[in-house]
Amino acid sequence: MFIVWGKKTVYRKIGHVADFCSICREPRPFKLRRVGSAGHLYYISVGEGELVGYERSCHECGTTFPAQVTTYATVSKSPAPLEDLLNRTFPKLREFYQQRLVLEEAIRHDPAALSQDQRHSLIRAAFVFLSPQVEQRFAATHIDKEITLSMVTAVALAIFAPLVVKAWMPDAPESSRPIFVIIGLLLVGWQIAVSGRRFMRRHIIPGLAKALDPLSPTEDEIQTVMAELKQHRHKIGRKLRLADLQARMRRKPAAAT
Ligand SMILES: [Zn+2]
């Protein structure tokens with residue numbers, strides 16, 4: 001008998017806190033989770049496992065960052081408006097992030113007035129914050145809903161399409177099943193091929209555009225950072241299509257149009 005066992009990452013929700021979001025560039029409410037590593041048998045784990053660390057996910061943009069629980073005065077069990085969470089969980093947030101908040105104010109006021117080095121490191125930081133999500137996604141085979149749908153369609157085509165052909169053309173000499181099997185395989189292959197770009201557009205580009213928009217980066221500035229990340233083997237540098245990012249950055253909120 002084949003026994004499946006090993007280590008599995010286990011997440012446990014702890015509560016809600018206020019903290020600074022480097023993608024939204026503002027203090028935001030966050031969901032706080034404990035990350036553990038537990039033994040599993042057939043992917044069923046017992047307990048919360050050995051402590052690996054903590055992470056916080058922004059309620060607004062969904063980006064996850066490592067968290068230091070000792071930073072918070074307390075953790076709220078339920079979600080709450082930002083000011084309420086701020087007062088209870090991180091009352092010293094504005095002191096703690098004072099320099100950062102001053103920098104953000106300067107970005108909002110006139111991003112072109114920042115030095116070239118400062119702009120470069122701010123643009124690179126936005127990519128680096130989102131890089132772990134890209135690494136995680138491309139480290140393993142990932143089946144999204146479109147791939148699942150294409151697989152179901154491929155099976156349905158192989159089973160039912162030959163019957164339909166036979167009913168319409170009873171005199172057809174050969175079974176048409178192999179043709180539909182090939183069409184189904186091509187459909188699944190195509191969906192697997194485009195799933196990486198789909199992931200980037202859905203899960204990475206919205207956050208990246210949100211973080212970069214206030215800096216109004218030029219194409220050259222973005223390309224320089226992407227080349228640097230590629231050189232350091234960050235998958236985000238390779239998987240991201242500049243045109244997709246630019247298209248998203250050009251899309252302004254409805255209120256502004
Ligand atoms: Zn955010």
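Numbering of ligands and ligand atoms starts at 1, following listing order.
Here the straight-line distance linking atom OG of S76 with atom CZ of R88 works out to 4.0 Å at 0.5 Å rounding. Atom CZ in F20 sits 9.5 Å away from atom CZ in R28 (nearest 0.5 Å). Separating the CZ atom in R248 from the CG atom in L212 is a distance of 12.5 Å, to the nearest 0.5 Å. Summarising the geometry, atom CD1 belonging to I236 is positioned 5.0 Å from atom CE belonging to M200; distances are rounded to the nearest 0.5 Å.
With waters left out, the protein N, O or S atoms under 2.8 Å from the Zn ion (ligand 1) add up to 4.
When atom types are taken as modelled, the side chain of E135 and the backbone of K235 share a donor-acceptor pair closer than 3.5 angstrom. Remark: the backbone N or O of A18 is paired with a side-chain donor or acceptor of T89 at under 3.5 angstrom.
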